[in-house]
**Student:** 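One structure, pasted below without further comment.
Every chain is numbered from 1 and lettered A, B, ... according to where its sequence line falls, protein lines coming before strand lines.
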Number of protein chains: 2
Amino acid sequence: MRERDEGAPAGRRVTAMDVARAAGVSVSAVSRAFTPGASVSARTRARVMAAAAKLDYMPNALARGLMTQRSNLIGIILTNFKNPLYLSVLDHFTHAIQQRGLRALVFNISRGGDLTEAARQILQYSVDGLIVSAGAISPLLAGQCARRQIPVVAFARNPRSKDIDVVCADNVAGGRMAARLLIERGYRRIGYLGGSAQASTSQDRGKGLVGELEDAGLSLHCSVHASEYSYEAGRVAARALLSMDEPPDALFCANDVLAFGALDVARHRFGLSVPGQLGIVGFDDIGLAEADSFSLTTVRQPIEEMVRETIALMMRRMEDPRLEPETRLLSCSLVERGTVRGPRL
Amino acid sequence: MRERDEGAPAGRRVTAMDVARAAGVSVSAVSRAFTPGASVSARTRARVMAAAAKLDYMPNALARGLMTQRSNLIGIILTNFKNPLYLSVLDHFTHAIQQRGLRALVFNISRGGDLTEAARQILQYSVDGLIVSAGAISPLLAGQCARRQIPVVAFARNPRSKDIDVVCADNVAGGRMAARLLIERGYRRIGYLGGSAQASTSQDRGKGLVGELEDAGLSLHCSVHASEYSYEAGRVAARALLSMDEPPDALFCANDVLAFGALDVARHRFGLSVPGQLGIVGFDDIGLAEADSFSLTTVRQPIEEMVRETIALMMRRMEDPRLEPETRLLSCSLVERGTVRGPRL
DNA sequence: ACCCTGATTGCAAGCGTTTGCAAAAAATGG
DNA sequence: CCATTTTTTGCAAACGCTTGCAATCAGGGT
């Protein structure tokens, strides 16, 4: 009985050494054959590759990572698994990451996991970078990453920290755009349907709204914070606002899903005509915002661009870890559809 | 100038050896302190933990994985980044995986990546398991995993292979449920708005529909395959069906997003009343199906249960790799809302 | 044919852990 | 208090790869 044969016996895992033996070269040669710019002749590389193929060998990324100090892993920490926007965020991130020969290690802290703990878990895999789209990044966490020279970038959340890279939509400006549109179209009793009170995104969007209203000599008519970023939460929040004594004639919602809830409650429960009696503006521009049923006028976050910037920032810092942290606010754009009335002609 | 001090100099990464030195023990002790059931006294463990905390040490998962042959990584390969259902799938998977002290390595092949190639990439990280929710799993791939003793399970896709574990909704039965409901409620010209023709899910749902129709002495009135699982594709497909000479009076759609498209086209472009003139049944029961605007009657996939089964199957096979592959079809349930008319009283 | 240069190669020392084994220490029993 | 059993401990050998270094080789010029 032989110890190991070519072919496919369910045996010991095949290592560079097996390939080396089969190809009649050293392990170093095998390693070099699998390393793009390495010093190895075409002939041996071919030999090695042939042997590798026959044995169904592939380099062990763990061992390689251990040795090179580069795991080729990028950690992604996410909270928001309710907002469809984040499916597309993940789509773009994983795609961009793979394009660069990296892999995505994703961590979910939506069920009340602790961010710092999550980061610890992920750091154990010595990721080459960390993308965090979740509440505040503690200085502790930032420190841990800095010490290990691991680039972290806060995505679509603005920790307002000068110690960290952040890529985020310009939510304040976005809020202003929404306000300007509503004012321009003749709405006067404008309310804010925000997300959770601590979320920087919700705060900033509201801030922008209020700022622009005040610039126009108006003031915020009413506001409420939804318990979470979900359709249902949007409904209950909107119901509260619309049953006030003097209800708003327009609502700016902190995100599209909330807006859907508000829209449905307004139309189907309060019998209001939208945009006639109530104007609604959302935020994000998720896919379904353009569905006829909603046809939601909304502020679009440039997700793809944000992802691109995030990766770029990360790569840049991987090259030179002592760069000054940067905050990049990308501009949103207004997508007009059917929930805000047209300009008076 | 000292080589390394406690505190937080941005220096060499801190290893078990540093902790050992600081705690006055051997590296083995450190390792054992961090390994749950290991043979180590409470006193030394405490010492080690204290030193570790002071130095901000955490074990290197790569090295550990290399040594133990268990990376604690689970690979997830996904195609469908357009269907919101998959955000919740990811939510549940990442959560379940983390619960068990594992991490999720996710790979996106929606942009036309090759599954077998993706798997190769992921296998390099010597994942402890692989979840594949994408087209057909080639025997080649299955073989590679089997040889390496890596459990693979096909999720929400039925490769109809006896060589692999699969967890899937019972799509045929689901199709039948939809058909039965429509027939019962008096619809007679029932059409199928399928997804891509190769997808096992779309095939099976259609098969169920047709089967039940034939059992009732009816036949499929018409059918079409949408180009992809998206709202827009649903619209164009529905438009085609509804502009036939004798249009269907009910549509079973291969998934909710397609159904949304169909619903909107029917109501807003064809001016049809739903469910009066046209009945619509979707599949999945994604969050927004319950929105007032859609209030979609649909066949619910038991996602949470499916995820649970998938993980269970995987763990089981990790214990005993020579188990017979199993195919688990989980039953769907009908969620009646407003797009199919009520029973005649 | 000979020396010099630059491209390939193999050796061996790591990377940061875990773990079998045997020695040391602590606990137990008489 | 000693012999015996049970815990704890450290040593050193892996795990599968990369890489600096020195040795080897091929080629070019004279």
**Student:** In whole angstrom, give the distance that lies between atom CD of A/Gln124 and atom C1' of C/dT17.
**Tutor:**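 Spelled out: CD on A/Gln124 to C1' on C/dT17 is 12 Å.
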
**Student:** Any Lys/Arg nitrogen of B/Glu326 or B/Arg328 sitting under 4.0 Å from an Asp/Glu carboxylate oxygen of the other?
**Tutor:**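 Salt bridge flag = yes for B/Arg328 with B/Glu326.
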
**Student:** Between B/Arg64 and A/Gln124, is there a side-chain donor-acceptor contact under 3.5 Å, judged purely by atom types and distance?
**Tutor:**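 Short answer, no.
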
**Student:** Rounded off to whole Å, could you give me the CZ-to-C1' distance for the B/Arg43 and C/dA25 pair?
**Tutor:**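 Atom CZ in B/Arg43 sits about 11 Å away from atom C1' in C/dA25.
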
**Student:** May I have the distance from B/Arg45 (atom CZ) to D/dG10 (atom P), rounded to whole angstrom?
**Tutor:**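 One finds 14 Å between P of D/dG10 and CZ of B/Arg45, rounded.
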
**Student:** Quick one: B/Met17 CE to D/dA12 C1', roughly how many Å, whole number?
**Tutor:**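 It is 13 Å, rounded to the nearest whole Å.
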
**Student:** Crowded around B/Met318 CE? As in, over 12 foreign heavy atoms under 6.0 Å?
**Tutor:**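 Above 12, so yes.
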
**Student:** In whole angstroms, how far is the P atom of C/dG16 from the CZ atom of A/Arg148?
**Tutor:**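 So the two atoms are 12 Å apart, to the nearest Å.
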
**Student:** Side chain of A/Tyr57, heavy atoms from C-beta onward: which of C/dT18, D/dC17, D/dT18 has the nearest atom to it?
**Tutor:**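 Side chain of A/Tyr57 sits closest to D/dC17.
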
**Student:** Establish, with yes or no, whether the OP1 or OP2 oxygen of D/dT9 is under 4.0 angstrom from a side-chain nitrogen or oxygen of B/Ser41.
**Tutor:**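 So the side chain of B/Ser41 is within the cut-off, an N or O lying under 4.0 Å from OP1 or OP2 of D/dT9.
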
**Student:** Return no unless some side-chain N or O of A/Ser31 is found under 4.0 Å from OP1 or OP2 of D/dT19.
**Tutor:**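 It does not, given that no N or O in the side chain of A/Ser31 lies less than 4.0 Å from OP1 or OP2 of D/dT19.
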
**Student:** Among residues 67-74 of chain B, which residues get a heavy atom nearer than 4.0 Å to DNA chain C?
**Tutor:**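 By residue number: B/Met67, B/Thr68.
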
**Student:** Are any of A/Tyr125's side-chain N or O atoms less than 4.0 Å away from OP1 or OP2 of C/dT17?
**Tutor:**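 Indeed not, no polar side-chain atom of A/Tyr125 lies that close.
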
**Student:** Heavy atoms from C-beta onward define the side chain here; which of C/dT18, D/dT9, D/dC15 lies closest to that of B/Ser39?
**Tutor:**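 Nearest to the side chain of B/Ser39 among the choices is D/dT9.
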
**Student:** For the pair A/Asp91 and B/Arg111, find out whether any cationic side-chain nitrogen is under 4.0 Å from an anionic carboxylate oxygen.
**Tutor:**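 Yes.
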
**Student:** side-chain hydrogen bond (donor to acceptor under 3.5 Å, both in side chains) between A/Arg317 and A/Gln149: does it pass, once the steps are laid out?
**Tutor:** CA-CA 9 Å; A/Arg317 180 167 298 273; A/Gln149 307 242 24; over 6 Å; no

**Student:** With sequence neighbours excluded, tell me which residues meet ring-ring contact (aromatic ring centres under 6.0 Å, His included) with B/Phe34.
**Tutor:**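 Applying ring-ring contact (aromatic ring centres under 6.0 Å, His included) to B/Phe34 gives B/Tyr57.
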
**Student:** With a 3.5 Å cut-off and just heavy-atom distances, do the side chain of A/Ser28 and the base of D/dT19 make a donor-acceptor pair?
**Tutor:**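 Yes, the side chain and the base share a sub-3.5 Å donor-acceptor pair.
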
**Student:** Considering every strand and a 4.0 Å limit on heavy-atom distances, what is the contact class for B/Val25: base, sugar-phosphate, or nothing?
**Tutor:**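 Since only primed, P, OP1 and OP2 atoms lie under 4.0 Å of B/Val25, the category is sugar-phosphate.
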
**Student:** Given atom CG of A/Leu66 and atom P of D/dT18, what is their separation to the nearest angstrom?
**Tutor:**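 It is 11 Å, rounded to the nearest whole Å.
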
**Student:** Roughly, in whole Å, what's the span from CG in A/Leu55 to P in D/dG16?
**Tutor:**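 Checked: the CG to P distance equals 14 Å.
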
**Student:** Name the residue closer to the 5' end of DNA chain D, choosing between B/Thr44 and A/Val30 according to the nucleotide with the nearest heavy atom.
**Tutor:**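 So the residue in question is B/Thr44.
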
**Student:** Atom CZ of B/Arg13 to atom C1' of C/dT17: distance rounded to whole Å?
**Tutor:**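 Rounded to whole Å, this separation is 13 Å.
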
**Student:** Without hydrogens or angle criteria, can the side chains of A/Thr44 and A/Ser41 be said to hold a donor-acceptor pair below 3.5 Å?
**Tutor:**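 Checked: A/Thr44/A/Ser41 side chains pair up, N/O donor to acceptor below 3.5 Å.
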
**Student:** Which is more 5' along DNA chain C, the nucleotide nearest B/Arg32 or the one nearest B/Pro59? Just name the residue.
**Tutor:**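 The 5'-side residue here is B/Pro59.
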
**Student:** Between B/Arg148 and A/Asp56, does at least one N-O distance fall below 4.0 Å, as a salt bridge requires?
**Tutor:**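 A salt bridge is present here (some side-chain N lies under 4.0 Å from a carboxylate O).
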
**Student:** Is B/Ser26 close enough to D/dG10 that one of its side-chain N or O atoms is under 4.0 Å from OP1 or OP2 there?
**Tutor:**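 Affirmative; the distance criterion is met.
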
